[in-house]
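Since the structure comes first, as structure tokens, the remarks are kept for the end.
Side chains are part of it too, since the values below use all heavy atoms of this structure and drop only hydrogens, waters and symmetry mates. What you see is a predicted model; the values in this text were computed from it and never measured.
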Amino acid sequence: MPREIKAVPVTEEAFSKYGKLFRYVPRETPYADTEMLTVWYPLVQHEPGEGRTILLLTEKKRPMDLTVMERHVKTMEVFYCVEGRCVCCFAPATNPDDPDEQPPYDKIEAFIMDGVAAFTINRGQWHHPGYPITETASQFVDFRTGTEPADVENKPLPDMVKIVL
């Protein structure tokens, strides 16, 4: 029988096990704040010497039925939200180095990503492309060059998870 979970507004605390959120107006103290500009630095730091690849991901509105999750064990990802609103699903990894690990079905969470300018997903954390609330939702996705496509582990869930608003 499918499991049903309610999508909840995302908070920094709830999301912290998966990565980091960046709001349009960050809550952290700025690095510099002058009459001309305000700078928050550094927001994301990649490993030294790591090349980066950026793709554009446009998700299309569809039923919020989650049947598979994915993870990347060789790269952190950064999602820069550029258009639309969506719900994103996550589940914690227990051992990213274990290729037989399955997404923990009973720990899947769904977040409404309102007010989020960008977010990171730590290496090994289970996730799935967002479910738009608007007709589409788009993000630029930044990840380590040379990890695609071999570093995408897709695992089917034992049963569907129905996401509700």
Checklist entry - Distance-only, no hydrogens or angles: does the Thr120 side chain make a donor-acceptor pair with backbone N or O of Lys20 under 3.5 Å? => result yes

Checklist entry - Can you check whether Val73's main-chain N or O pairs, donor with acceptor, with Asp151's side chain at less than 3.5 Å? => result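 A pair under 3.5 Å: yes.
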
Checklist entry - Looking only at heavy atoms, what is the nearest atom pair of Pro132 and Cys86, with distance? => result CA-CB, 3.8 Å

Checklist outcome for this item: Cluster membership besides Val87, Ile/Leu/Val/Met/Phe/Trp/Tyr side chains within less than 4.5 angstrom, sorted by chain and number, is Ile5, Met64, Leu66, Met69, Tyr105, Ile108, Ile112, Trp126, Tyr131, Ile133, Leu157, Val161, Ile163, Leu165

Checklist entry - Can you check whether Pro92 reaches Gln125 side chain to side chain, under 4.5 Å on heavy atoms? => result yes

Checklist entry - Should the pair Asp114-Arg85 be classified as a salt bridge under the 4.0 Å nitrogen-to-oxygen rule? => result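 A salt bridge is present here (some side-chain N lies under 4.0 Å from a carboxylate O).
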
Next on the checklist: Under a 4.0 Å threshold between the charged nitrogen and the carboxylate oxygen, would Arg52 count as salt-bridged to Glu50?
Outcome noted: yes

Item to check | Any residue meeting salt bridge (charged side-chain N to carboxylate O under 4.0 Å, His left out) with Glu101, in chain and number order, not counting sequence neighbours | outcome: Arg71

Item to check | Between CZ on residue Phe143 and CD on residue Glu148, distance to nearest 0.5 Å | outcome: 4.5 Å

Item to check | Connected via hydrophobic side-chain network under 4.5 Å: Val8 and Leu21 | outcome: yes

Item to check | same_hphob_cluster(Ile121, Tyr80) at 4.5 Å side-chain heavy-atom cutoff | outcome: no

Item to check | salt bridge (Lys or Arg N to Asp or Glu O under 4.0 Å): pairs with one or both residues in residues 57-70, sequence neighbours excluded | outcome: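 Non-adjacent pairs meeting salt bridge (Lys or Arg N to Asp or Glu O under 4.0 Å): Asp65-Lys162.
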
